[in-house]
Amino acid sequence: MVSNSELADSLDRLRTIALIESAAGALLLNEGTHGELLRSISGHDLSINAVHLPRSLVPGMYPFSWKQTIALRAPGNPVFDIMQPWAGVVALAAGDAMKRSDIVGTSLSEFTRHTRNAVAHDWHFDIRHMNGPAEFDGLQIERSMDGKPLMEYVAVGDLFALVDAVIAALRATRRA
């Protein structure tokens, strides 16, 4: 049996890879011209060392470190097209890690399960049963959302923040 700590470490490595690959993809999208990419997305050059992804309900942004900042101002930005699939891969892995852990019956585990299933079902909620409240950072998944698109409800930054919460929960609950 894999420990919660090992699950958290693996998920953390995958999250890091996804963020790096997303950033590399953003540069390739703009044919590798870093300065032009920053200008095209933000309207000006930026020097802060983070990329910020909007959150749905929680005030603020989800930041991750990078050598330059890409300020994501609105959906429809080409960076979202690169980051959403990677966020989905990591959300799938978070759901699988939570399922393999001994963390069950929490609002986080339920939210993660339904998010994972939505990604697996062509990015649409497929809610067959609710085992309890499914909540994360003010977001709630309800049975009435069955069949609705996941990305009309959450933002890319929410998916990465969810993964961070799963990693923290796995590390806080040590299973030998």
Side-chain angles (χ1 to χ4, degrees), residues 1-19 21-22 25 51-64 72-175:
M1 184 177 293
V2 178
S3 73
N4 286 353
S5 180
E6 291 170 313
L7 289 170
D9 291 345
S10 295
L11 188 56
D12 194 19
R13 282 192 298 277
L14 179 60
R15 178 186 55 87
T16 301
I17 290 167
L19 294 171
E21 290 297 318
S22 295
V51 174
H52 298 281
L53 302 171
R55 302 284 306 275
S56 289
L57 295 179
V58 178
M61 305 287 245
Y62 176 82
F64 70 89
L72 302 177
R73 302 239 193 287
N77 187 307
V79 174
F80 280 101
D81 296 336
I82 292 169
M83 297 198 83
Q84 182 177 325
W86 279 108
V89 166
V90 181
L92 281 167
D96 291 342
M98 192 67 91
K99 186 176 181 178
R100 292 178 65 194
S101 79
D102 57 355
I103 302 172
V104 294
T106 68
S107 59
L108 177 63
S109 66
E110 282 300 294
F111 192 95
T112 305
R113 180 174 69 87
H114 289 297
T115 300
R116 180 244 177 260
N117 288 345
V119 173
H121 289 272
D122 198 26
W123 295 86
H124 286 74
F125 287 107
D126 183 22
I127 302 171
R128 297 175 189 181
H129 63 278
M130 300 284 295
N131 295 332
E135 300 175 6
F136 166 71
D137 269 3
L139 299 167
Q140 284 187 318
I141 297 174
E142 299 171 350
R143 193 153 188 52
S144 63
M145 298 168 73
D146 187 42
K148 295 183 181 174
L150 172 67
M151 297 312 289
E152 287 182 6
Y153 179 68
V154 300
V156 171
D158 293 321
L159 295 177
F160 281 110
L162 175 62
V163 170
D164 287 349
V166 169
I167 291 168
L170 290 168
R171 289 196 171 131
T173 309
R174 301 279 180 195
R175 177 177 70 187

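Taking E142 as the reference, nothing meets the side chain to side chain donor-acceptor pair (under 3.5 Å) condition, with sequence neighbours excluded. Annotation: salt bridge (charged side-chain N to carboxylate O under 4.0 Å, His left out) contacts of D146 (sequence neighbours excluded): none. For L92, the side-chain contact (heavy atoms from CB on, under 4.5 Å) test picks out R116, V119, A120, with sequence neighbours left out. Among residues two or more places apart in sequence or in another chain, the side chain to side chain donor-acceptor pair (under 3.5 Å) test is passed with S107 by none. In this view, E152 satisfies the side chain to side chain donor-acceptor pair (under 3.5 Å) rule with no residue, not counting sequence neighbours. A search for side chain to side chain donor-acceptor pair (under 3.5 Å) contacts involving D126 returns H121, R128, not counting sequence neighbours.
Residues N4 and T173 come closest through the heavy atom pair ND2-O, 2.6 Å. Contact between V163 and R15 at its shortest, heavy atoms only, is CG1-CD, 4.0 Å. Closest approach of Q140 and F111 over heavy atoms only: N-CE1, 4.4 Å. The shortest non-hydrogen separation linking F136 to D158 is CE2-O, 3.9 Å. Summarising the geometry of D122 relative to H124, their closest heavy-atom pair is O-ND1, 2.7 Å, with the distance given to 0.1 Å. Between F125 and M145, the closest heavy-atom pair is CB-O, 3.4 Å.
T115 has its side chain within reach of I141: a pair of non-hydrogen atoms, C-beta onward, lies under 4.5 Å apart. R171 is listed as a side-chain neighbour of D9, based on a closest heavy-atom distance under 4.5 Å.
The distance from atom CG of L139 to atom CG of L162, rounded to the nearest 0.5 Å, is 9.0 Å. Taking CG from L159 and CD from Q84, the interatomic distance works out to 7.5 Å, rounded to the nearest 0.5 Å. The CZ atom of R100 lies 12.5 Å from the CG atom of D102; values are rounded to the nearest 0.5 Å.
Ionic pairing of K99 and D96 is not present here: no N-O contact between side-chain nitrogen and carboxylate oxygen is shorter than 4.0 angstrom.
With D12 as reference, I167 is the one residue of I167, L170, V90 to meet the side chain to side chain contact (heavy atoms under 4.5 Å, CB included) rule.
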Exercise for the section: Apply the test side chain to side chain contact (heavy atoms under 4.5 Å, CB included) to residues F160 and D164: give CA-CA distance (whole Å), side-chain angles for both, the deciding distance (0.1 Å), then the verdict. Expected result: CA-CA 6 Å; F160 281 110; D164 287 349; 5.7 Å; no
